[in-house]
Amino acid sequence: FDSYSYQIINMAGEKLPVQIRTRKFIRNALLARRQFVVDVIHPGRANVSKSELQEKIGQLFKVSEMNLIFMFGFRTVFGGGRSTGFCLVYDDLEAAKKFEPK
């Protein structure tokens, strides 16, 4: 699995670490996409926004356009600190428009 860590500065000025891990990675050639489960570890923070995660996953998988990354199904574990969701990274915009719901 891949792992990516970075730090966020909260309103109190503290640096909070956030770690993104991917698992169950599948390269789906028929649908022209990569699909995987994303585990986000964010202690001291309620959750991480999808737009922020899109940006970081774009850096991790070297995707230039953010509209090729689709994230859904995020659930935060009771007590906070960890979230899990699903991510699709399409190869091109045509495939994304063809297979993603409106």
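Keep in mind that this is a model prediction, so the values were computed, not measured.
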Peer 1: With sequence neighbours left out, what residues match Asn47 under side chain to side chain donor-acceptor pair (under 3.5 Å)?
Peer 2: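 Here no residue qualifies.
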Peer 1: Taking the side chain as every heavy atom from C-beta outward, state whether Arg21 and Arg23 have any pair of such atoms under 4.5 Å apart.
Peer 2: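 Heavy-atom side-chain distance check fails, nothing below 4.5 Å.
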Peer 1: Kindly compute the distance separating CD (Glu100) from CG (Leu93), expressed to the nearest 0.5 Å.
Peer 2: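 Rounded to the nearest 0.5 Å, the CD-CG separation comes out at 11.5 Å.
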Peer 1: Using a 4.5 Å cut-off on heavy atoms from C-beta on, say whether the side chain of Asn28 contacts that of Phe99.
Peer 2: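 Answer no - side chains too far apart.
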Peer 1: Who pairs with Arg82 by salt bridge (charged side-chain N to carboxylate O under 4.0 Å, His left out), at least two apart in sequence or on another chain?
Peer 2: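 None.
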Peer 1: Could you list the residues that satisfy salt bridge (charged side-chain N to carboxylate O under 4.0 Å, His left out) with Asp92, not counting sequence neighbours?
Peer 2: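 Expected list: none.
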Peer 1: Kindly write out the residues that satisfy side-chain contact (heavy atoms from CB on, under 4.5 Å) with Ser51, not counting sequence neighbours, or none if the list is empty.
Peer 2: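 If we apply the side-chain contact (heavy atoms from CB on, under 4.5 Å) test to Ser51, skipping adjacent residues, the hits are Ser49.
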Peer 1: List for me each residue that meets side chain to side chain donor-acceptor pair (under 3.5 Å) alongside Arg33, sequence neighbours excluded, and say none if there are none.
Peer 2: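 For Arg33 the side chain to side chain donor-acceptor pair (under 3.5 Å) partners, ignoring immediate neighbours, are Gln35, Tyr90.
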Peer 1: Report yes if some heavy atom in the side chain of Val18 is under 4.5 Å from a heavy atom in the side chain of Lys56; otherwise report no.
Peer 2: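 The answer is no, as the side chains (C-beta and beyond) never meet within the 4.5 Å cut-off.
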Peer 1: Could you measure the distance from the CZ atom of Arg34 to the SG atom of Cys87? Nearest 0.5 Å is fine.
Peer 2: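 Taking CZ in Arg34 and SG in Cys87, the distance rounds to 9.5 Å.
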Peer 1: Where do Asp91 and Arg27 land on the salt bridge (Lys or Arg N to Asp or Glu O under 4.0 Å) test, with the steps shown first?
Peer 2: CA-CA 10 Å; Asp91 295 340; Arg27 173 77 182 101; 2.6 Å; yes
Peer 1: Mind listing the closest non-hydrogen atom pair of Pro17 and Pro43 along with its distance?
Peer 2: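 Minimum heavy-atom separation between Pro17 and Pro43: O-CD, 3.6 Å.
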Peer 1: Does any non-hydrogen side-chain atom of Arg45 lie less than 4.5 Å from one of Val40?
Peer 2: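 SC-SC contact between Val40 and Arg45 ruled out.
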Peer 1: Give the table of side-chain donor-acceptor pairs shorter than 3.5 Å for residues 60-81, with sequence neighbours excluded, one pair per line with atom names and distance.
Peer 2:
{"residue": "Thr76", "atom": "OG1", "partner": "Ser83", "partner atom": "OG", "Å": "3.2"}

